[in-house]
Amino acid sequence: MRFYVTTPIYYVNAEPHLGHAYTTIAADILARFHRQKGDDVFFLTGTDEHGNKIAQAAADRGVTPRQHVDELAAKFKDLTRRLNVTNDFFIRTTDPEHERYVQAFVEKLRAAGDIEKRAYGGLYCTACEGFWYERELVDGKCPDHGIEPTWLEEENYYFKLSAYQDRLSALFRAAPGWVRPKSRYNEALSFIEQGLEDISISRSTLKWGIPVPWDQEQVVYVWIDALVNYLSALTYARPGEDLSRYWPATVHLMAKEILKFHAVIWPAMLMSAGYDLPESEFIHGFLLMGGEKMSKTRGNVLDPFAVMDTYGIDALRYYLFREISFGQDGVISLEGFEGRYNSELANELGNLVSRTASMIAKYRDGRIPVGDGPQAGELAALAAAGEAMVAACTAHLDAVEISPALESVWEFVRRLNRLVEEEAPWKLAKDEAQAGRLDAVLHSLAAGLRLVALALYPVVPDTALEILRRLGQPHGDGDVLLAGATWHGLAPAAVEQAPPLFPRIENGA
RNA sequence: GGCGGCGUAGCUCAGCUGGUCAGAGCAGCGGAAUCAUAAUCCGCUUGUCGUAGGUUCGAGUCCUACCGCCGCUACCA
């Protein structure tokens, strides 16, 4: 199966922040998971670099737009590296190949008869360089600048979005799962059925953009330029390789504020230009800091980059997707992070790895015992439970249910800790007659931990590979295929004792 | 204004098509254990399931109204 996942391309008018990281990590989780399934994966992210705000941001800094976007794009690229994200390509809308593709794309819209030149009149604020609606004005003045806008007319090219209303409705009705979660599907559908108006796709007052091919006085408006990246990237991401097999995209990931562009305008554009439509879109919520106003002096703010540097990227990846139901808004906080980190990563998972390695070292000279024969009671049920955990996790990730996937892994982690208490290997070790049972228990812990590592790999890849390494198992990115995630896939090997995977966060630190 | 969503233990939240649905985790209290990062395991406590009505043999679960919070209501991504 092929799997093409995208993030939105990020607008480089400001520095990267946690919101960007969140979407990108989500895409990485899905990409890694599908590689584990053996799918043919392509994972795209990048930056959106045209438009007024960019030109303005550059001017504010006293640099050229080109300098500005180069610097910011480098920062976004660096973020993907720090997040340990495995994108296959990083697209920039200022790539010449992309620019040419956009021009060809709007030509297709025009050839389809969906482009029309119209005059647009509106109240224009010279300070914002943008139009306002009358109802948006405060006392007849621009709410941002407090100055009175002037009437201005501009000729722009319009895309006949209204002509696609019925086909978009039909698309939604025919494929209820194509936009998820359901609440977003409803939102987009109701938007469509309230009636669609045509939209302008070009600007004449702007220079930092892609010229309309048949009219050099106009540039293509930014969002059309942006959306097309999902297609254009496939034409040049890997020179010499035909990537067209990845289209249509399997899933577009995004936050809710750009739902309409993706769920309404984008499919209409694709219909017009004659492309297949993306198979699905998944819209997630916003991360809310602390619930109350952010306050640095209060010290309750979660600084993702500080967290990342101090506790590692896996801890942050884990927290974001364990704490928040993916698709909904979620409140995050430093307290919440520390709580999850200590109780789950340090106490439950990290400690399980430590105690397992320690017992194998202490009682079996550091080698995982075979002990795989017939077993009684809980031990007998464990293999099935472990494989069921992997299956549940797989089903959840297939449905983009990341938090429930983690929950299913954690139930099993707790079960392994319980097993240690129930079997009390330190007692078995004192009774030579129990040697076989001790072998079975230690073997089961290793086998169980291996499955935990494989299941956890998409979310916390470094941690997963480290667990495998300590267990003496193959531990490369290519060694985590789900096809091998069986109880009996454990190789007899020497385990390594090492410092805590996740050192506890002590109070006041 | 219109459309939609949310309000469940101190905290964060599960609860699909109505009948073990009154739950989980955290926090708190008590106990066991000592392999381990004083980590782990066992047990216990708290709730008018926003308010008031209604439908039903039976409603967090459906309907109505109300209170509170939030999203969308077109050309900034």
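The shown structure was predicted, so the numbers you read here are calculated from the model rather than taken from an experiment. Chain letters run A, B, ... following the sequence lines, proteins first and then strands; every chain starts at 1. Scope of the values below: all heavy atoms of this structure, side chains included, with no hydrogens, waters or symmetry mates.
- With B:A77, B:A36, B:U40 as the choices, the nucleotide that has an atom nearest any side-chain atom of A:Y11 turns out to be B:A77.
- In the interface, the side chain of A:K53 is paired with the base of B:C76 through a donor and an acceptor atom under 3.5 Å apart.
- As a whole-Å value, the separation of A:Y341 OH from B:A39 P is 13 Å.
- Donor-acceptor pairing under 3.5 Å, judged by distance alone, is absent between the side chain of A:N347 and the base of B:A39.
- When Watson-Crick and G-U wobble pairs are counted only if both distances are under 3.5 Å, B:G1 pairs with B:U73.
- Distance A:R414 CZ to B:U40 P: 10 Å, rounded to the nearest Å.
- No donor-acceptor contact under 3.5 Å links the side chain of A:S343 to the base of B:C26.
- Mapped onto RNA chain B by nearest heavy atom, A:P500 and A:K430 fall at different nucleotides, with A:K430 at the one closer to the 5' end.
- For A:F502 and A:Y311, the ring centers are positioned 6.0 Å apart or more.
- Base contact: A:F502 has a heavy atom under 4.0 Å from a base atom.
- Of the nucleotides present, B:G31 is the one that pairs with B:C41 by Watson-Crick or G-U wobble criteria, both distances under 3.5 Å.
- Side-chain contact check for A:R470 versus A:L501: some heavy-atom pair is nearer than 4.5 Å.
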